[in-house]
Amino acid sequence: MIHPLLTPPQGPLQVPTVAPTSGSGTAEEAVRQVVEPPLSVKFSLVIPTYNERGNVSKIVAQLTQLLDGFMPGDYELILVDDDSPDRTWQAAQDLTAAYPQLQVIRRQSERGLSSAVIRGWQVAQGEILGVIDADLQHPPEVLLKLLTATMAGADLAVASRHVEGGGVSDWSIVRRFLSRGAQILGLIVCPSVVGRVSDPMSGYFMVRRSAIAGPHLNPVGYKILLEVIGRGNIGEIAEAGYVFQERESGESKVTWKQYIEYLGHLARLRSRGRVGRLRQKLPSSFAQNFPMQRFIRYGLVGLSGVLVDMAVLYLLSDGLGLALTRSKIVAAEVAIINNFLWNDAWTFADMVKRQSGWSSRLKRLLKFNAICLTGLVLGVLLLNLFYNLVFGQNLKYISNLFAVGIVAIWNFWLNLKLSWRVTAINEKD
Ligand code: GDD
Ligand code: MN
């Protein structure tokens, strides 16, 4: 029997603390309920679609097979289609005869990826709420790792391209650069949100209902995970690596508009009330959370690098009589390698344990190198800024002191987040 379409919820984008009794109940009604009926399934997975007719039967078949083996009868799939011209909603509805766990929403009065996901969660019956792309670019198997982590207590479990086992298939250097650039920008504008996961752009994750129910969500564009982290009450986070697959059918809906929307979203998250209040008590919470011991080690390693740099420079330019610039480039690179080896063996030793192997070591070295280079550029800019505009020309070394200090924190922070980071879930398998 084919299921009727579910009515898309109206009103504010807000996940109810308890599951709605009928598919059409608004969030407001559900929140007001006093008695909590038991949730009828453990896991609700939303599949947002727009013109994915060629993919729906495949993704639904794969997800069903996987979840039937893992939690038979204890999950639901909710496909939220935005009235696709290719009638994806209809293809999906036809599937409900063969897949009774599948529900379909056809939205006609609203559009957009993030709001589609939240509308799906609003009708969900599960205690754990998830999202996965319909185009098979997110490998379904990773779901089980995410589920396992969530059931073990994580509030949020994110499939990540940037942890062990993760990656992108065939991306051009430009696309990788844009993706990482967006992440670095996010780290600068809104570190308390973007810095919490290694892949803040991921659209493949699950979250405990209790961690996200309540607040009004207001995501723009594609990056709903940012909204979940920024407005939810998220404690423990787990991550699992995945390789972003190439699309076989249909096409991506991302355009330049999404990059612009991303910037707007960051700005909004930054100014939201909670962060404002957090920032007022920053000195204390900053002191508590800042990884001071690691930073001190990082600083000591940095000092050793200065000595190495000096020694090599002396050896090459005075000892062997090479040109100054050439000597300095070699000296700086030797110092960078020196620092990398010490940091890898000491500063971040605990994190290295979980990502052994030469290829990942080499990858860390390359990232470290790249970040040191951005640090160099930043340092030159800051020195000029302080020297010419802030402290004035007779305080050159004070200016440089500030530049060096800021660059040290910048390098440390980016290396912590981008070069050495790993997350708990990888330990287990
Ligand atoms: N309902 C609905 N409405 N679904 C949409 C819309 C929309 O306006 N726009 C896109 N989708 C659906 C697509 O049909 C697909 O299932 C999924 O959302 C992702 O869209 P793509 O256009 O394929 O995005 P991508 O391949 O560039 O992926 C990027 O965004 C993903 C967000 O989910 C990457 O950043 C991924 O890591 C990320 O997972
Ligand atoms: Mn895609």
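We're numbering straight along the sequence, starting at 1.
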Got a donor-acceptor contact below 3.5 angstrom from the H138 side chain to the D133 backbone?
-> yes

Quiz item: cation-pi between R161 and Y204, 6.0 Å / 45° = no

Does the side chain of R180 reach to within under 4.5 Å of the side chain of R176, using non-hydrogen atoms?
-> no

Pick out which of L383, L378, N384 makes a side-chain contact (heavy atoms from CB on, under 4.5 Å) with V380.
-> N384

May I ask you to decide if the ring planes of F412 and F295 are parallel, tilted or perpendicular, using 30° and 60° as cut-offs?
-> perpendicular

Nearest non-hydrogen partners of G11 and R119, listed with the distance = O-NH2, 2.8 Å

The reported gap from CZ in R421 to CG in L414 (rounded to nearest 0.5 angstrom) is 12.0 Å

Please report the closest heavy-atom contact between G305 and N339, naming both atoms and the distance.
-> CA-OD1, 3.1 Å

Does CD in E251 sit with more than 12 non-hydrogen atoms of other residues, nucleotides or ligands closer than 6.0 Å?
-> no

Measure from the side-chain N and O atoms of Q14 to the backbone N and O of P215, and report whether any donor-acceptor pair falls under 3.5 Å.
-> no

Just how far is it from atom CD1 of I128 to atom CG of L156, taken to the nearest 0.5 Å?
-> 11.5 Å

Salt-bridge contact R106-D83 (side-chain N to carboxylate O under 4.0 Å) = yes

Minimum side-chain heavy-atom gap L226-V194 below 4.5 Å | yes

Hey, is the main chain of P12 close enough, under 3.5 Å, to the side chain of Q122 for a donor-acceptor pair?
-> yes

Using a distance-only test with no angle check, is there a side-chain donor-acceptor pair under 3.5 angstrom linking E76 and S44?
-> yes

So, do Y298 and W413 have ring centers that fall under 6.0 Å from each other?
-> no

Within the distance-only criterion (no hydrogens, no angle test), does the side chain of K223 pair as donor or acceptor with the backbone N or O of P200 below 3.5 angstrom?
-> no

Donor-acceptor under 3.5 Å (S202 side chain, A159 main chain) | yes

Ion pair R209/E127, N-O distance below 4.0 Å = no

Taken in chain and number order and not counting sequence neighbours, the residues that satisfy side chain to side chain donor-acceptor pair (under 3.5 Å) with R294 are D350

Test applied, salt bridge (charged side-chain N to carboxylate O under 4.0 Å, His left out); reference residue, D344; option that passes from R297, R364, K363 = R364

For the pair L129 and V46, evaluate side chain to side chain contact (heavy atoms under 4.5 Å, CB included) and give the outcome as yes or no after the intermediate values.
-> CA-CA 8 Å; L129 309 173; V46 167; over 6 Å; no

May I have the step-by-step check of ring pair (Phe, Tyr, Trp, His ring centres under 6.0 Å) for W171 and F177, ending in yes or no?
-> CA-CA 10 Å; W171 282 20; F177 182 80; over 10 Å; no

Take T347 and N415, measure what side chain to side chain contact (heavy atoms under 4.5 Å, CB included) needs, and give me the verdict at the end.
-> CA-CA 11 Å; T347 315; N415 276 312; over 6 Å; no

From N218 atom CG to R268 atom CZ, the distance as rounded to the nearest 0.5 Å = 4.0 Å

With distance as the sole test, does R53 use its side chain to make a donor-acceptor pair with the main-chain N or O of S84 at under 3.5 Å?
-> no

Under 3.5 Å, is there a donor-acceptor pair between the side chain of Q137 and the main chain of Q245?
-> yes

Flag the pair F205 / V131 as yes when at least one side-chain heavy-atom distance between them is below 4.5 Å, and no otherwise.
-> yes

E141 side, atom CD; Y242 side, atom OH - distance, nearest 0.5 Å = 12.5 Å

Given the rule in the side chain to side chain contact (heavy atoms under 4.5 Å, CB included) test, do Q101 and L67 qualify, once you have shown the distances and angles that lead to the verdict?
-> CA-CA 10 Å; Q101 309 283 8; L67 291 168; over 6 Å; no

Atom CZ of R231 and atom CG of L13: how far apart are they, to the nearest 0.5 Å?
-> 11.0 Å

Strictly by modelled atom types, are D86 and Y50 linked by a side-chain donor-acceptor pair under 3.5 Å?
-> no

Donor-acceptor under 3.5 Å (W121 side chain, G130 main chain) | yes

Between L147 and M71, is any pair of side-chain heavy atoms under 4.5 Å apart?
-> yes

Rounded to the nearest 0.5 Å, how far does OG of S109 lie from CD of Q10?
-> 5.0 Å

Without swapping roles, check the side chain of S249 against the backbone of N55 for a donor-acceptor pair under 3.5 Å.
-> no

Please tell me if the side chains of V243 and P139 come closer than 4.5 Å, counting only heavy atoms from C-beta onward.
-> no

What heavy-atom pair brings G235 and D155 nearest, and what distance separates the two atoms?
-> N-OD2, 2.7 Å

Minimum heavy-atom separation for P9 to V123, with atom names?
-> CG-CG1, 3.5 Å

Using a cut-off of 6.0 Å, state whether more than 12 heavy atoms not belonging to F70 lie near its atom CZ.
-> yes

Can you tell me if S160 and S198 form a side-chain donor-acceptor pair at under 3.5 Å?
-> yes

The side-chain contact (heavy atoms from CB on, under 4.5 Å) partner of I47 among V104, L63, D81 is L63

Tell me, do Q103 and Q125 make a side-chain contact under 4.5 Å, heavy atoms counted?
-> no

Report all side-chain donor-acceptor pairs from residues 320-338 shorter than 3.5 Å, counting only partners two or more places apart or in another chain.
from : atom 1 : to   : atom 2 : distance (Å)
S327 : OG     : A323 : O      : 2.7
K328 : NZ     : D309 : OD1    : 3.3
K328 : NZ     : D309 : OD2    : 3.0
E333 : OE2    : N369 : ND2    : 3.0
N338 : OD1    : W342 : NE1    : 3.3
N338 : ND2    : S304 : OG     : 3.0

Side chains of I229 and L269: closer than 4.5 Å at any heavy-atom pair?
-> no

Please report the shortest heavy-atom distance between M351 and Q355, naming the atom on each side.
-> O-CG, 3.4 Å

Give a yes or no on whether the backbone of R247 and the side-chain of D135 come within a donor-acceptor separation of less than 3.5 Å.
-> no

Nearest non-hydrogen partners of V207 and I234, listed with the distance | CG2-CD1, 3.9 Å

Y99 and L77: side chain to side chain contact (heavy atoms under 4.5 Å, CB included), yes or no, with the steps?
-> CA-CA 9 Å; Y99 301 100; L77 304 176; over 6 Å; no

